[in-house]
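Heads up, the thing below is written out as structure tokens.
Protein chains get the first letters and strands the later ones, always in sequence-line order, with residue 1 at the start of each. Note that this is a predicted model, so its numbers are computed, not measured. What you see below is based on every heavy atom in this structure, not just the backbone, and it leaves out hydrogens, waters and symmetry mates.
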Amino acid sequence: MNKYRSHNCDELDKKDTGKIVSLAGWVNKKRDHGNLLFIDLRDNYGITQCIINKENSNFSQLEKIQLETVIKINGKVLSRSSETINYEIKTGEIEVSIESFEILGTCKELPMPVFSDQEYSEEIRLKYRFLDLRRKKIHENIILRSNVISFIRSEMYKLGFLEFQTPILTSSSPEGARDFLVPSRLNPGKFYALPQAPQQFKQLIMVSGFDKYFQIAPCFRDEDARADRSPGEFYQLDLEMSFVEQEDVFKIVEKLLISTFEKFSKKKLITKKFPKISYSDALLSYGTDKPDLRNPLVIKDITDIFLRDDVSFEIFKKLVKSGSEVRCIVTKDTKDKPRSFFDNIDKWAKEQGSSGMAYFTLEKEKDISAKGPVGKFFSKEALNEIIKKTKAEVGDSIFLACNKRKELERITSLAREKIAKELDLIDQNIFAFCWIVDYPMFEKDEDTKKIRFSHNPFSMPQGEPDKINFEKPLDMLAYQYDIVCNGIELSSGAIRNHIPSLMYKLFSIAGYDKKQVDDQFRGMINALNYGAPPHGGIAPGIDRIVMLLANEKNIREVTMFPMNQNAQDLMMNAPSKISEEQLKELNLSLKFKK
RNA sequence: GGGGGUGUAGCUCAGUUGGUUAGAGCGAUCGCCUGUCACGCGAUAGGUCGAGGGUUCGAGUCCCUUCACUCCCGCCA
């Protein structure tokens, strides 16, 4: 017999009537009627109403008890009369008549209520996270997270993957995010880095012949936070497979994600087979490489229209001549929308730092015409050409933006979201997955004008290794892919480059000589020289998956002990100063930036 | 590093054009109440209006500086 309880707070029902039981939990709520006191006792499992009246000698003590005090009660299960049954809770048909009780943990006046649906500032929630985590919604989110991870783990084993741990203290690498660094006491002046991902290790596991690996892996990146990005650490389902091509990875991941999302959410998956969109198509049609495919709006390029003589939209024509492009978004049947709808979009676009969005609506009496502030600039032939390019119809409106490619992508991508929101075009009850494929191997750094890896330097370039054209590195595509769901990037992965000579060649394009590669990627490059299998993998973000399943917009709602935006843990007071002794032992001295 | 939002009681918020002693709900304390489940009723305590400076006869309110939290851009192979 357990010392503290005979049952959990969700266990008792009518069948238990008359039993002498003991329950332990938190005082969720009191309702004091003077001579009769109701106490809702809560534990992880549920709530049970407990009752005591004035005749009992414990009454006055319980009447004064603070909410959230942890108590054990002993008493008898009574069935409730029909009019007092509470159908909201599982134990609503019974209550426990308290005979005696014991305080197991006292509670001071609360800095924030636990039993309340109100929203609280992040600051107070994070400082008192242990109280926050008692609250229903987030408590359930964290349990969901546990169940999702457990499910994924068992699915991975079923799919033939083995789970391995990889080092947390490893070496800093020059590519990618900023590292978290840890000074080495035994090696003065040298530092470990926390892994940004177990990238090199998982490839080494393949070279070691383990065939299929996975890990629910902590990843550490010292970069600024976002709503969907924790500062510091996050978790990935890191996986890697030998002797595979891109399609083999896709098959496994689709299977896993579909079963996970179907099990843990009521929302429908829009397609069972994830559509594949090339990186360049994504940027053209959605302005981003993480498109929300729930949104039916598509961006079209109509730059050519502004080279025509029968178009007199001089501002855009001038910009086009100097290298800008024009892209547009067509909204279906918006002819009757008030002027304010259109002007608000234009105003909003200006607030986003763009030059705004021009618009017109297609009309037809005898001939096609365009209504709106810029409608007069287009001849009917030009309008017909636009209709051909955009598949727009009479009654539709067209929003236009003109700018240099990168800025144009940014604003049209935002506009696509904004307009869809205004028109309520996004179905909140679906998951829309897609693969983004054919990422470029290299890109040009805008500031330095140097060529650098656009994603993972270990990715395999597309095409036969001996036929690759290294003269035009910016045209090279990689077997590199992302999964996107509802506009959130869930993971990225690649088929890896397991051929050392090809690796050196690619690194040389990005400005690394052989010695640098040998020094900075020693573990990896050395291993590839001793019989490496072709391999590839991916790493879906666990936090983001749970976020989608829990229908939360912020990653901290599915993270037990998150840091705030400035990467501080307000509860544990991290990061914190360290003693002179500690610094000395590590051969460190502090010198602050001005 | 840059831009937006927020900051008033323990918590969530209101506070008009600058004008008397800064309010409400929840929580706390005290009292009343035997069927509630957001129990009800009454009373009391609780404020450096984020901080500093300025304008003004007078600042929670206007201006400047600064701090904290948050959202976004940069960044995140």
Do the side chain of A/R229 and the base of B/C76 come within less than 3.5 angstrom through a donor-acceptor pair of N or O atoms?
-> yes
Distance under 6.0 Å and angle within 45° of the ring axis: does A/K30 meet both against A/F38?
-> no
Kindly confirm or rule out a cation-pi arrangement of A/K202 over A/Y213, judged by NZ or CZ under 6.0 Å from the six-membered ring centre and within 45° of its axis?
-> no
Would you indicate what A/D117 reaches in the nucleic acid, counting non-hydrogen atoms under 4.0 angstrom: base, sugar-phosphate, or nothing?
-> nothing
Could you work out which one of B/C11, B/C69, B/C76 sits closest to the side chain of A/E122?
-> B/C69
Round to the nearest Å and state the distance from A/R125 atom CZ to B/G10 atom P.
-> 21 Å
Is it true that A/F234 and A/F220 have ring centroids separated by less than 6.0 Å?
-> no
A/E223 CD to B/C73 P, in whole Å, measures 14 Å
Counting any heavy atom closer than 4.0 Å, what does A/R226 reach on the DNA or RNA strands: base, sugar-phosphate only, or nothing?
-> base
Return the value, rounded to whole Å, for the distance between atom CG of A/D289 and atom C1' of B/C76.
-> 12 Å
A/H33 and A/N53: side chain donor to acceptor below 3.5 Å = no
Looking for any heavy atom pair under 4.0 Å, which part of the strands does A/P111 touch: base, sugar-phosphate only, or nothing?
-> sugar-phosphate
Nearest whole angstrom, please: distance from the P of B/U29 to the NZ of A/K108.
-> 14 Å
Just by protein heavy atoms under 4.0 Å, how would nucleotides 32-38 of chain B read 5' to 3' in B, S and -?
-> -BBBBBS
When all nucleic acid strands are considered with a 4.0 Å heavy-atom cut-off, which category describes A/N554: base, sugar-phosphate, or nothing?
-> sugar-phosphate
Sugar-phosphate, base or nothing in reach of A/S454, heavy atoms under 4.0 Å | sugar-phosphate
B/C69 phosphate, OP1 or OP2, under 4.0 Å from A/Q568 side-chain N/O = yes
Should A/K19 and A/D16 count as an ion pair when the cut-off is N to O under 4.0 Å?
-> yes
Whole-Å distance between B/U70 P and A/L570 CG?
-> 8 Å
For A/Q196 and B/C75, give me the distance from atom CD to atom C1', rounded to whole Å.
-> 12 Å
Just to confirm, is there a sub-4.0 Å distance from OP1 or OP2 of B/U12 to any side-chain nitrogen or oxygen of A/S121?
-> yes
Check every strand shown and say whether A/N564 touches a base, only sugar-phosphate, or nothing at a heavy-atom separation below 4.0 Å.
-> sugar-phosphate
What integer distance in Å separates A/Y120:OH from B/C26:P?
-> 13 Å
Return the value, rounded to whole Å, for the distance between atom CZ of A/R135 and atom C1' of B/U12.
-> 11 Å
